[in-house]
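One structure is given below, encoded as structure tokens.
Letters A, B, ... are given to chains in the order of the sequence lines, protein chains preceding strands, and every chain is numbered from 1. These values consider heavy atoms only, across backbone and side chains, with no hydrogens, waters or symmetry-generated copies.
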Amino acid sequence: MAVNPMYHQTNQRMEEELSWIRRAQKDPECFGPLYKKYHEQIFRYVYQRMDDEETAFDVTSQVFMKALNNLNRYEFRGVPFSSWLYRIAKSELYQSFRDKKAERTVNIESCQLSEMIEEFEEDSNELNKKRLFESLAKLKEKDMQLIEMRFFEKRSFKEIGEILDITENNAKVKAFRAIEKLKELFNVKN
Amino acid sequence: MEIKKINLDRKPLTVDQIKAKENFSEILANANLHKPGIWKSPWFYGAIGLSSLASFMLLSTDFETKKEFNVKTSTLNNNILQANNNPHIEKVKPFIGTEKQVPSKKNSSNNSLKDEIPVNTNQAATSEYKELEQLVPQVKKVNGLPSIAGIANGAIKSSILKDAEIIESGFDFKINGYKVNYFNGYKEVEERIEGNALPAELREKLINYNLGDMVFFTELRGVDNLGINRDLPSMNLRIVKN
């Protein structure tokens with residue numbers, strides 16, 4: 001299930017969003033609609049990467065506090081406001097890991113595991129699922145974040161690029177390389 | 001960052017459960033929205049200090065220029081007096097302070113050549129410059145990046161790709177290997193190819209299965225005429241119809 005089907009917005013929506021941002025820059029109370037619009041998305045992004053629900057809500061609140069504090073520095077670059085929020089969320093997430101407030105966790109569904117095993121052209125049996133589990137645990141963070149965003153969260157390469165502040169092409173190449181590394185780890189166990 | 005835990009099939013939270021935790025008032029209350037007074041800003045004190053320093057320097061140089069030149073006590077005249085008192089040194093006229101040392105233009109035609117300071121002719125300067133130029137290796141202008149039929153990045157027509165047999169380089173060296181990522185009909189593949197050739201089979205697959213898509217040529221390596229290997233920029237091409 002795609003986490004963020006509403007990421008790609010029409011020009012009209014982006015203009016509407018920009019007008020909210022301008023108002024919020026003058027009056028912080030006008031940040032409310034933006035908060036309501038993106039709260040769930042940002043929470044799911046954070047909670048996908050940690051175990052504790054309450055900590056995930058805390059980190060989400062910190063993301064919006066930081067966004068509000070720095071709203072005057074925000075510059076519209078033709079991409080949705082959420083891409084800026086996701087970057088703040090990534091930073092807050094890693095800070096919480098460094099501060100030992102939370103542990104880096106990966107959350108996946110069985111159907112996603114099966115899809116990945118089929119991608120590797122292997123049988124989707126219990127043994128292979130276990131192998132894939134163990135292989136995922138050995139992945140480096142930079143590869144895991146690409147696999148999470150592309151294969152578990154079903155984000156488009158355009159969105160991944162905007163969140164990671166890289167080009168769409170680069171996101172595609174990096175995602176491809178991440179899956180190749182996972183395959184290597186998977187096949188070593190065989 | 002080490003992955004500490006992997007959860008399988010964790011029960012997701014519903015939209016209502018997440019919405020119930022929304023609290024914008026708390027965000028507004030805790031956000032640090034008060035702008036500090038300008039007097040608390042380090043830039044304020046920096047500006048004050050800098051302007052004070054600038055004023056001081058301006059005033060002190062102005063004072064120096066307006067200071068009168070005291071002929072009687074000048075060090076130069078003291079030295080001349082001492083020299084004049086010394087029988088072994090030729091007598092020197094005292095420096096008055098206003099006498100022009102530069103010969104006037106009216107008498108320029110009568111100026112003897114020996115009064116002029118000899119200057120290097122252009123010819124001498126040019127030859128010296130040429131010697132120096134030879135010591136400094138010339139940086140040659142490079143024409144272009146690795147490319148296929150002159151295209152380094154962007155759209156490439158399938159007809160052009162079909163006829164392109166090698167990856168060219170505008171530099172003074174030859175490409176001796178590269179990697180290419182593409183879709184081969186049933187999955188994404190990455191191939192390592194030695195040399196600069198674009199095999200016909202590769203070109204066929206690129207055209208047949210990657211029309212409209214990006215194809216990535218990465219890890220391009222070249223070797224120059226001294227035998228030194230170089231890493232070259234990648235090529236990202238989108239194959240389009242004619």
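Heavy-atom distances place both the backbone and the side chain of B:E190 under 4.5 Å from chain A. At a 4.5 Å heavy-atom cutoff, the contact between B:D9 and chain A is made by backbone and side-chain atoms alike. With a 4.5 Å cut-off on non-hydrogen atoms, B:F216 touches chain A through its side chain but not through its backbone. Of the two parts of A:F176, only the side chain, counted from C-beta on, holds a non-hydrogen atom closer than 4.5 Å to a non-hydrogen atom of chain B. Only the side chain of B:T218 comes within less than 4.5 Å of a heavy atom of chain A; its backbone N, CA, C and O stay farther away. With a 4.5 Å cut-off on non-hydrogen atoms, A:L113 touches chain B through its side chain but not through its backbone. Contact annotation for A:Y35: only side-chain heavy atoms (C-beta onward) come within less than 4.5 Å of a heavy atom of chain B. Heavy-atom distances place no part of A:K66 under 4.5 Å from chain B, backbone and side chain included.
Counting non-hydrogen atoms of other residues, nucleotides and ligands closer than 6.0 Å to CZ of B:R192 gives a total above 12. Within 6.0 Å of CD in A:E16 there are more than 12 heavy atoms belonging to other residues, nucleotides or ligands. Within 6.0 Å of atom CD in B:E194, more than 12 heavy atoms from other residues, nucleotides or ligands are found, so the atom counts as buried in its surroundings. The local environment of NZ in A:K174 is sparse, with at most 12 non-hydrogen atoms from other residues, nucleotides or ligands closer than 6.0 Å.
Of the inter-residue distances, the one linking B:N23 atom CG with A:T60 atom OG1 reads 13.0 Å to the nearest 0.5 angstrom. With values rounded to the nearest 0.5 angstrom, B:N236 atom CG is found 11.5 Å from A:E168 atom CD. Here CD of A:E29 is found 7.5 Å from CZ of B:F24. Values are rounded to the nearest 0.5 Å. In this structure, CG in B:N181 is found 6.5 Å from CZ in A:R177, a value given to the nearest 0.5 Å.
Side-chain contact check for B:K5 versus A:V106: every heavy-atom pair is 4.5 Å or farther apart. Side chains of A:K129 and B:L8 form no contact here, defined as non-hydrogen atoms less than 4.5 Å apart. The closest side-chain heavy-atom distance from A:D51 to B:R10 is below 4.5 Å. Contact of the A:L68 side chain with the B:I27 side chain is registered, since non-hydrogen atoms from C-beta on lie closer than 4.5 Å. Side-chain atoms of A:F43 and B:E22, non-hydrogen and from C-beta on, never get closer than 4.5 Å to each other. Contact check for B:I6 versus A:T105: no side-chain heavy atoms found under the 4.5 Å cut-off. B:L28 is listed as a side-chain neighbour of A:P28, based on a closest heavy-atom distance under 4.5 Å.
Salt bridge status for B:K21 with A:E40: absent, with no side-chain N to carboxylate O gap under 4.0 Å.
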